[in-house]
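See structure below.
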Amino acid sequence: MNMHRKYLFFDLDGTLTDPMQGITRSVQYALHHFGIEVADLRELCPFIGPPLADSFRERYDMSPADAETAVAKYREYYAPKGIFENEVYPGIPCLLAATAAAGCVNVMATSKPTPFAEQIAEHFGFARYFRLISGSTFDGRRKTKADVIRHALSALGIAPDEAVMIGDRRHDVEGAAEEGLPAIAVEWGYAPPGELEAARPLRIVPDVETLRRLLLGNE
């Protein structure tokens, strides 16, 4: 499958970077506000990827109002500190450089608020490889993966069949399908066993090198 000259929509958390420490510590901080103590950060890894308010509601049975409060508390920790408790996955900068050099257009489509995503991309030195960073908004008008994909398509003035979504969770695959994009799922992120298979992406790839070959038509 040759993806050359396609618009490549990349998820951020769990796909380009491993944000485990920063996100889980921020969730831990937010839950503490509600008197919920979670000592093992690994228990909070399911928060990596989906919209935060959804996760607080689904996992801790919060009301919509409490979930929004939890998101605000999360950001109290995340904005000054947690955002940089993060690591780029090995091979990702080289992948982005290679796809850009080959004529692909790299786009970031993330449920993370756009200003945070832009900060991360600048901090880790890969912002220059992206034509557009499309994230969620602080006011909640744009929050789901489908929302950020739709915004990116509109901003770029392209049709869904010109792009492919690359991500590590079912939300990436399902959000892409909602907007008419195929999806490639990556196995190095935070999907629990069976989640990606159930979401039925176009392909599931095990490592960055396999993804590079697939995107550049070398497979």
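- Between E187 and V205 the shortest side-chain heavy-atom distance does not fall below 4.5 Å.
- A donor-acceptor contact shorter than 3.5 Å links the side chain of S26 to the backbone of G22.
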Mind listing the side-chain donor-acceptor pairs of residues 121-130 below 3.5 Å, one per line with the distance, residues two or more places apart or on another chain?
from : atom 1 : to   : atom 2 : distance (Å)
R128 : NH1    : G125 : O      : 2.5

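- With hydrogens and angles ignored, the 3.5 Å screen pairs a side-chain donor or acceptor of S134 with a backbone N or O of V148.
- Using a 4.5 Å heavy-atom threshold, the side chains of L132 and M108 count as separate.
- Taking all atoms of both residues into account, the shortest heavy-atom contact from L202 to P182 is CD2-CB, 4.0 Å.
- Annotation for A30 and F34: closest pair O-CD1, 3.4 Å, computed over non-hydrogen atoms.
- A donor-acceptor pair under 3.5 Å links the side-chain atoms of T15 to the main chain of D168, judged by distance alone.
- In the hydrophobic clustering of ILVMFWY residues, with side-chain heavy atoms under 4.5 Å counting as a link, V208 and I120 come out together.
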For this session: Show the numbers, then the answer: is there a side chain to side chain contact (heavy atoms under 4.5 Å, CB included) between H171 and S111?
Result: CA-CA 10 Å; H171 306 81; S111 296; over 6 Å; no
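- Inter-residue side-chain proximity for M165 and E179 is flagged as unmet; no heavy-atom pair is nearer than 4.5 Å.
- Salt-bridge formation is not detected for the pair R169/D11: no Lys NZ or Arg NE/NH1/NH2 atom is positioned less than 4.0 Å from an Asp or Glu carboxylate oxygen.
- One hydrophobic cluster, built from ILVMFWY side chains closer than 4.5 Å, holds both L96 and I166.
- If you check the side chains of D207 and T210, you find a donor sitting under 3.5 Å from an acceptor.
- Listed by first then second residue, pairs satisfying salt bridge (charged side-chain N to carboxylate O under 4.0 Å, His left out) with a partner in residues 68-83 read K73-E76, not counting sequence neighbours.
- Minimum heavy-atom separation, P19 to I48: CG-CG2, 3.8 Å.
- Using a 4.5 Å cut-off between side-chain heavy atoms of Ile, Leu, Val, Met, Phe, Trp and Tyr, with links allowed through other members, F138 and I133 fall into the same hydrophobic cluster.
- A 6.0 Å sphere centred on NE2 of H33 holds more than 12 heavy atoms belonging to other residues, nucleotides or ligands.
- Ion pair D147/R150 flagged as a salt bridge, since at least one NZ, NE, NH1 or NH2 atom sits closer than 4.0 Å to an Asp/Glu carboxylate oxygen.
- Looking only at atom types and distance, the side chain of Y74 has no donor-acceptor partner in the side chain of Q28 under 3.5 Å away.
- Using a 4.5 Å cut-off on side-chain heavy atoms (C-beta onward), F9 and L153 make contact.
- Within a 6.0 Å sphere centred on CD of E87, heavy atoms belonging to other residues, nucleotides or ligands number 12 at most.
- Once rounded to the nearest 0.5 Å, the distance linking OG1 of T69 with CE of M62 reads 8.5 Å.
- The shortest distance between side-chain heavy atoms of R142 and T114 falls below 4.5 Å.
- Salt bridge absent: K6 and E162 never bring a charged side-chain N and a carboxylate O closer than 4.0 Å.
- Checked options V105, N106, L8; the residue passing with R131 is V105 (criterion: side chain to side chain contact (heavy atoms under 4.5 Å, CB included)).
- The minimum heavy-atom distance between V38 and L31, with the atom names listed, is CG2-CD1, 3.9 Å.
- One hydrophobic cluster, built from ILVMFWY side chains closer than 4.5 Å, cannot hold both I204 and F10; they sit in different ones.
- Taking each heavy atom of V173 and A199 in turn, the nearest pair found is CG1-O, 3.4 Å.
- Cluster membership check: Y190 shares its hydrophobic cluster with F47, using side-chain heavy-atom separations under 4.5 Å among Ile, Leu, Val, Met, Phe, Trp and Tyr.
- Between the CD atom in Q119 and the NZ atom in K112 there is a gap of 10.5 Å [rounded to 0.5 Å].
- Salt bridge absent: E174 and K145 never bring a charged side-chain N and a carboxylate O closer than 4.0 Å.
- Inter-residue side-chain proximity for V88 and L16 is flagged as unmet; no heavy-atom pair is nearer than 4.5 Å.
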Exercise. Side chain to side chain contact (heavy atoms under 4.5 Å, CB included) between L12 and T17: does it pass, once the steps are laid out?
Worked result: CA-CA 6 Å; L12 176 58; T17 67; 4.0 Å; yes
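- Here the OG1 atom belonging to T24 is positioned 6.0 Å from the CG atom belonging to L44, to the nearest 0.5 angstrom.
- S136 is not listed as a side-chain neighbour of H151, based on a closest heavy-atom distance of 4.5 Å or more.
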Donor-acceptor contacts under 3.5 Å from residues 54-61 side chains, at least two apart:
from : atom 1 : to  : atom 2 : distance (Å)
D54  : OD1    : R57 : NH2    : 2.5

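- Summarising the geometry of P160 relative to G180, their closest heavy-atom pair is CB-O, 3.6 Å, with the distance given to 0.1 Å.
- At least one side-chain heavy atom of L211 sits under 4.5 Å from a side-chain heavy atom of W188.
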